[in-house]
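Each chain gets a letter, A, B and so on, in the order its sequence line appears, and its residues count up from 1.
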Number of protein chains: 2
Amino acid sequence: MTGITIGAFAKAVGVRTDTIRYYERDGLLPPPARTAAGYRLYDDSDLERVRFIRKAQGLGFTLSEIAALLALRASDTARAADVLDVTERKIAESIARISELSRISAALKQLAEQCPVEAPVTDCPILAHLANTSTAPSKV
Amino acid sequence: MTGITIGAFAKAVGVRTDTIRYYERDGLLPPPARTAAGYRLYDDSDLERVRFIRKAQGLGFTLSEIAALLALRASDTARAADVLDVTERKIAESIARISELSRISAALKQLAEQCPVEAPVTDCPILAHLANTSTAPSKV
DNA sequence: TTGCGGCTTGGACCATAGTCCAAGGTCAAC
DNA sequence: GTTGACCTTGGACTATGGTCCAAGCCGCAA
């Protein structure tokens, strides 16, 4: 019976034990081996798997996208193009979000510049802008 | 007893009736007048208020930030600088998020370019990168 | 053998911004 | 006088990624 229990494992990958159990519930980690007493036992492949997950999160993938990537990796019929699809969707998503945020920060900066700091709020161009009937709201 | 009931009101501002009730529960809208039968009645000031909310959402503010903005607007001691503070925090947040997303999309693009489309997944540089022990994960 | 830390489970809870539902009251039209 | 559209309430549910909790084992050391 080799492997380490959940506390040491979680520490090794830098997450909480709850997170490990959560990944298991969520299907991201396979049901681990158990000791006679029922303690979960993790090995190097689990270690690698959690590191994969954290790294993918760092690249903006959601857990369900990561599950898809892990499934592709495990498949013997999948092609690199399948992974590329997932990646390109994420790229497109990031770019769309960047342009949305650029629009927002540009608009806010413009309003912020006009703001007469010492004036009472009634003179605030930011509030005036928000109160203005023009300019469309957006589906956020 | 003037005013319109929730259905017409919601339609006028382009949201669902549930959303209007939700805003009320959340403190964004004041408890409205009621008909004898208990129906909510909305007037022009409510209309303006919901439009303010939707517009602020379009600028990336969360509902609790919007509640703060509305409180500032209603205050007779607040200064324009107070609104500016909220705005500048949002700008900083947007910029931080943009740079995070730029990092992500740049990394993904670089990986995507190296991807040999017809190869089996075992040759996929994207998966190889994620499986690689180097490169730090990030707290997302 | 007692104590302490670590492990087990199921389930509740966090924030965000709603959405949906059931059971029942209201109102205008036909 | 009944149909159908609208309104009321409280509460549950959605997705996301965990976090926390209670009650109860397990294992090792003093």
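Atoms CD1 (B/I53) and C1' (C/dT16) sit 15 Å apart, rounded to a whole Å. At whole-Å resolution of the value, CZ in A/R25 and P in C/dA12 are 13 Å apart. Put simply, CD on B/E24 is 11 Å from P on D/dG10, counting in whole angstrom units. The separation between A/L63 atom CG and D/dA15 atom C1' is 12 Å, rounded to whole Å. At whole-Å resolution of the value, CG in B/L41 and P in C/dT26 are 15 Å apart. In this entry the distance linking CD1 of A/I66 with C1' of D/dG18 reads 13 Å, nearest Å. Atom CG in A/D18 sits roughly 16 Å away from atom P in C/dC14 (whole-Å rounding). In this structure, CD1 of B/I4 is placed 17 Å from P of C/dC27, rounded to the nearest angstrom.
Scanning both residues, B/V121 and A/L72, for their nearest heavy atoms gives CG2-O, 3.5 Å.
Not one side-chain nitrogen or oxygen of A/T5 sits closer than 4.0 Å to the OP1 or OP2 atom of C/dG6. Here A/R16 reaches the OP1 or OP2 of D/dC20: one of its side-chain N or O atoms lies under 4.0 Å away. A/R40 has no side-chain polar atom (N or O) that falls below the 4.0 Å cut-off from OP1 or OP2 of C/dC7.
Distance from the side chain of A/T19 is smallest to D/dT19 among C/dT19, D/dG17, D/dT19. Considering only the side chain of A/Q57, D/dG18 comes nearest among D/dC20, D/dT9, D/dG18. Checking C/dG18, D/dT19, C/dT8 against the side-chain heavy atoms of B/R54 singles out C/dG18 as nearest. Side chain of A/R34, nearest nucleotide from D/dT19, C/dC20, C/dT9: C/dT9.
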Evaluate the criterion salt bridge (charged side-chain N to carboxylate O under 4.0 Å, His left out) for residue pair A/E100 and A/R103; output intermediate values, then yes/no. CA-CA 5 Å; A/E100 170 77 355; A/R103 173 187 71 72; 3.1 Å; yes
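Side-chain atoms of B/Q110 do not come within 3.5 Å of backbone N or O of B/A107 as any donor-acceptor pair. A donor-acceptor distance shorter than 3.5 angstrom exists from the side chain of B/R79 to the backbone of A/E118, with no hydrogens or angles considered.
Each of A/Y39 and A/Y23 was matched to the nucleotide of DNA chain D holding its nearest heavy atom; the match closer to the 5' end belongs to A/Y23. Nearer to the 5' terminus of DNA chain C, by closest-nucleotide assignment, is the contact made by B/F61 (compared with the other of B/F61 and B/R21). Mapping A/A8 and B/A37 onto DNA chain C by nearest heavy atom places A/A8 at the nucleotide closer to the 5' end. Judged by closest nucleotide on DNA chain D, B/I6 is the one of B/I6 and A/Y22 placed further toward the 5' end.
Ionic pairing of A/R21 and A/E24 is not present here: no N-O contact between side-chain nitrogen and carboxylate oxygen is shorter than 4.0 angstrom.
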